[in-house]
Amino acid sequence: MRKRVSLADYLANETQVNHVTAELVKLTLTIADACVDIAALVRHGELADVLGASGQQNVQGEDQKKLDIISNDVFIEKTQASGALAGIASEELDHHHPIPDTHQRGSYLVTVDPLDGSSNIDVNGATGTIFSVLPWASDAAPRDEDFLQAGNRQVLAGYCLYSSATMLVLTFGHGVAGFTLDIETGDFLLSHEAMKVPAETTEFAINAAYAAHWYPPVQRYIDECVSGAAGPRETDFNMRWAGSMVGDVHRILCRGGVFLYPADARMEKSGRAGKLRLMYEASPMAWLMEQAGGLAHTGASEIMAVQPTSLHQRVPVFLGSSDEVQRLIDYHNA
Ligand code: P6P
């Protein structure tokens, strides 16, 4: 195999060229280490006796898988010791996790979905860890409300995809880079130098089971796609739905596509503005998409511009190939 750039070498270059701080480099390497540990647990599956339900529910009222809890514990245990963090907010915790006094507090906050798509875990489907890093300029310990920063304040966003290969994909605001885990050495090696999302696509991702509840702009968009060459789009479309945002987003970063998780009438009855969470799903994925030349929108606002009002706030999500996201924005404004 040809010599590839390691994550550590890539980060050293980011420090030189793009002034990524040593503290943020340390945090990135620690997050990568946590993901290597989670990947090992996911890869061993039933043999590691970590599959199945935990019998507990998280703040979202969702049944937690054993691996949801274990992944959360691994991520927190590793990153709280990095010396770069002042606090950790997780999908699996009602409130943020403060950094224990035994560890040095740092200049950053992280929000994390430790195991996105965990409903896939028992059927060996794609899952992932999604993370978003925000600045924290104070020496004081943060409060929950200090995490409520818009996506355009992120300094690092990324995910680790646990699938055929384990891949770390991240951005510091200078493009999107993908690293593939060499399971022999445990190193992430640069494999996708500058990921770009084509503006055009004929592939959409949505859970069509909820079609009866969609609002008109989404109904119109999907109807037109499904009408294919005989319809107003005058071309046939394909559909994919991974059941894991990380899996769908990675496919879109690799070959284009448009991902839709809209709010719908069903959710409105329960007061929810969508399913996906802003802080640790929509915002980090939105930055990756924009950095790769795509768009990310709620239908009413760029996702990166949404000012959060709560840690576990949900938003509608339309992201991916810019021509298709723009069409969805236009349909919402029609
Ligand atoms: P549905 C996983 O639970 C998740 O949060 C995302 O990763 C994924 O895109 C979505 O929910 C799947 O939702 O309603 O199709 O199960």
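Atoms within each ligand, like the ligands themselves, are counted from 1 in listed order.
Aromatic ring centres of His96 and Phe147: separated by under 6.0 Å. Between His312 and Tyr280, the ring centre distance stays below 6.0 Å.
The number of heavy atoms from other shown groups lying within 6.0 Å of NE2 (His95) does not exceed 12.
Taking both residues in full, the closest heavy atoms of Gly178 and Leu190 are given as O-CD1, 3.6 Å, listed atom of the first, atom of the second, then distance.
Cation-pi geometry between Arg240 and Phe204 is not met at under 6.0 angstrom from the ring centre and within 45 degrees of the axis.
Using a heavy-atom distance under 4.0 Å as the criterion, the protein contacts of ligand 1 are Asp116, Gly117, Asn207, Tyr210, Trp241, Gly243, Ser244, Met245, Phe259, Tyr261, Lys275, Leu276, Arg277, Glu281.
Shown here are the ring-ring contact (aromatic ring centres under 6.0 Å, His included) partners of Tyr261, two or more places apart in sequence or in another chain: Trp241.
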